[in-house]
Amino acid sequence: MTTATERRTLTALRAAWLYDGTAATLTPDPVVVLDGATIVSVESNGDVPAGARIVDLAGATLLPGLVDTHVHLAFDSSADPVASLAGRDDEAALAAMTIAARQAACGGVTTVRDLGDRGYLSLALRDGADPTLPTIVAAGPPVTTPGGHCHYLGGAVTGAEAVRAAVREHAERGVDVVKIMASGGHLTPGTRPDLPQFGLDELRAAVDEAHRHSLPVTAHAHGTPAVAQAIEAGVDGLEHVSFMTQDGVDPAPEHLVQAIVDRRITLGMTLGIAPVPDATIPPGMAARLPALVANSRRLYEAGARMNAGTDAGIGPIKPPDVLRFAIAQLGMLGMSPVQALRASTSHAAAVCGLGHRKGRLEPGYDADVLAVDGDPLADPAALHRILAVYVRGERVTAEPR
């Protein structure tokens with residue numbers, strides 16, 4: 001007796017335009033064929049394979065699912081996400097993280113890099129079986145100091161050997177990237193963003209141990225001293241890189257700008273502000289914005305590699321899918337619309353270590369597809385007019401918030 005294996009039905013997406021994640025222009029009349037979780041063909045005016053299920057998205061533009069390189073799924077975008085997390089046990093926290101991840105996917109963000117959770121919960125979510133959630137690149141709890149920024153997430157250590165041991169534990173737990181808090185931060189009372197938290201020897205220990213395990217290191221760094229130490233320690237990425245002082249912002253020092261460019265350090269710029277009623281940027285940050293933008297623009301014009309890492313989850317203006325708003329805001333730094341889209345698709349995928357299968361609409365890549373109404377190169381607001389989202393070939397549907 002023989003058993004026939006039933007072939008999976010192909011899905012053919014037809015639309016008006018396509019942005020492939022790398023090109024400078026749109027492709028007209030695309031046909032994108034999906035075989036389960038994989039793209040098998042992308043052609044202009046292409047033929048639909050016999051027997052394929054046709055999804056006609058007339059007037060739509062297809063583009064790769066968006067990639068956010070800095071999110072916190074454990075934070076719930078409330079007015080006090082730290083207190084909200086503290087009030088949840090691990091089961092409740094994981095349930096809330098699942099909701100946040102699904103909201104990201106439904107908003108077109110099909111890959112996220114979680115740069116700080118509690119108890120390695122993002123790894124549990126990453127390794128789960130839910131096909132409707134984004135692909136998750138997980139850091140686990142950030143490495144920090146006792147009482148330091150995000151110490152309540154469980155990654156606090158002191159001294160170079162303890163830092164090295166913490167990174168080793170992260171590697172053994174299966175993280176994809178190591179996050180270290182080189183400076184204080186805004187979510188942790190008692191810390192100051194302008195001051196370093198670790199010495200250079202501790203940062204070097206973190207980088208050396210991470211690289212020994214073939215893991216990249218990205219450092220949360222606001223103040224100039226922390227940025228300088230992180231660069232000297234050999235980090236692969238910098239988050240925020242604001243050059244913030246206690247009461248303002250320093251101009252980005254030229255020698256540090258050049259070091260960032262020369263060492264090809266990737267910068268995660270904290271952009272993305274969603275319009276939320278009665279929610280505003282804190283006054284201290286609002287006053288700093290012009291100088292922050294000027295520094296970021298200087299870095300971009302000098303040739304620094306950068307993308308939007310939104311910090312999604314840390315407040316009401318940072319919902320899980322806030323990246324769509326950040327893409328337009330990359331224009332403030334000097335990016336053209338196509339450069340901003342590239343930074344949020346193929347480049348961001350490479351930052352996450354997934355450039356070989358994410359961030360492009362090409363044969364062999366994951367079937368992560370965002371369909372929007374209009375041309376996002378001419379009208380960035382088109383990114384908010386979502387017609388369909390596919391996560392690894394599964395169409396996802398938004399739930400009421």
Side-chain angles (χ1 to χ4, degrees), residues 70-89 93 114-121 139-163 165-167 170 178-203 205-206 217-230 233 235 238-250 268 270 279-289 291-292 309-318:
H70 189 155
V71 309
H72 295 282
L73 294 172
F75 292 150
D76 64 359
S77 302
S78 64
D80 192 346
V82 176
S84 295
L85 178 60
R88 297 185 174 112
D89 62 16
D114 189 297
L115 289 184
D117 67 14
R118 186 185 73 194
Y120 297 93
L121 290 175
V143 179
T144 189
T145 55
H149 184 42
C150 289
H151 65 88
Y152 40 77
L153 296 178
V157 292
T158 302
E161 288 309 308
V163 168
V167 172
H170 279 64
V178 171
K179 167 81 172 295
I180 189 164
M181 300 300 200
S183 74
H186 299 286
L187 281 184
T188 310
T191 72
R192 284 175 49 182
D194 58 306
L195 296 181
Q197 291 195 154
F198 287 107
L200 180 57
D201 61 332
E202 294 166 309
L203 293 177
V217 180
T218 193
H220 161 109
H222 276 292
T224 302
V227 171
Q229 286 187 343
V235 299
L238 290 167
E239 309 300 312
H240 313 303
V241 62
S242 63
F243 302 101
M244 192 174 292
T245 66
Q246 187 171 10
D247 55 5
V249 176
D250 279 336
T270 317
T280 58
I281 303 172
M285 286 301 297
R288 289 180 169 95
L289 274 179
L292 292 171
T310 66
D311 236 356
I314 65 167
I317 61 174
K318 296 283 189 179

Practice problem: Tell me whether the centres of the aromatic rings in F243 and H222 are closer together than 6.0 Å. | Solution: no
Quiz item: So, E202 side chain and G199 main chain: donor-acceptor pair closer than 3.5 Å or not?
Solution: yes
Quiz prompt | Near-ring test H70/H240, centroid separation under 6.0 angstrom | solution = yes
Practice problem: First locate atom CZ of R288, then atom CG of D247, and finally report the distance between them rounded to the nearest 0.5 Å. | Solution: 7.0 Å
Exercise. Kindly indicate, with the supporting measurements, whether the criterion side-chain hydrogen bond (donor to acceptor under 3.5 Å, both in side chains) is fulfilled by D311 and H72.
Key: CA-CA 6 Å; D311 236 356; H72 295 282; 3.1 Å; yes
Quiz item: Does the side chain of S84 come under 3.5 Å of the side chain of D76 through a donor N or O and an acceptor N or O?
Solution: yes
Quiz prompt | Gap separating the NZ atom of K179 from the OG1 atom of T144, nearest 0.5 angstrom | solution = 9.5 Å
Exercise. Just jot down the side chain to side chain donor-acceptor pair (under 3.5 Å) partners of T191, sequence neighbours excluded, or say none.
Key: none
Quiz item: So how far is it from M181 CE to T145 OG1, rounded to the nearest 0.5 Å?
Solution: 10.0 Å
Quiz item: Can you find a side-chain donor-acceptor pair between T218 and E239 that sits under 3.5 Å?
Solution: yes
Quiz prompt | salt bridge (charged side-chain N to carboxylate O under 4.0 Å, His left out) partners of residues 187-200, not counting sequence neighbours, each pair once | solution = R192-D194
Quiz item: In Å and rounded to the nearest 0.5 Å, what is the CG to CD distance from L195 to Q246?
Solution: 7.5 Å
Quiz item: With distance as the sole test, does H170 use its side chain to make a donor-acceptor pair with the main-chain N or O of A165 at under 3.5 Å?
Solution: no
Exercise. Please answer whether the main-chain N or O of T310 pairs with a side-chain N or O of K318 as donor and acceptor at a distance below 3.5 Å.
Key: yes
For residues 150-163, which side-chain donor-acceptor pairs fall under 3.5 Å, sequence neighbours excluded?
residue : atom : partner : partner atom : Å
Y152    : OH   : L187    : O            : 3.2
Y152    : OH   : T188    : OG1          : 3.4

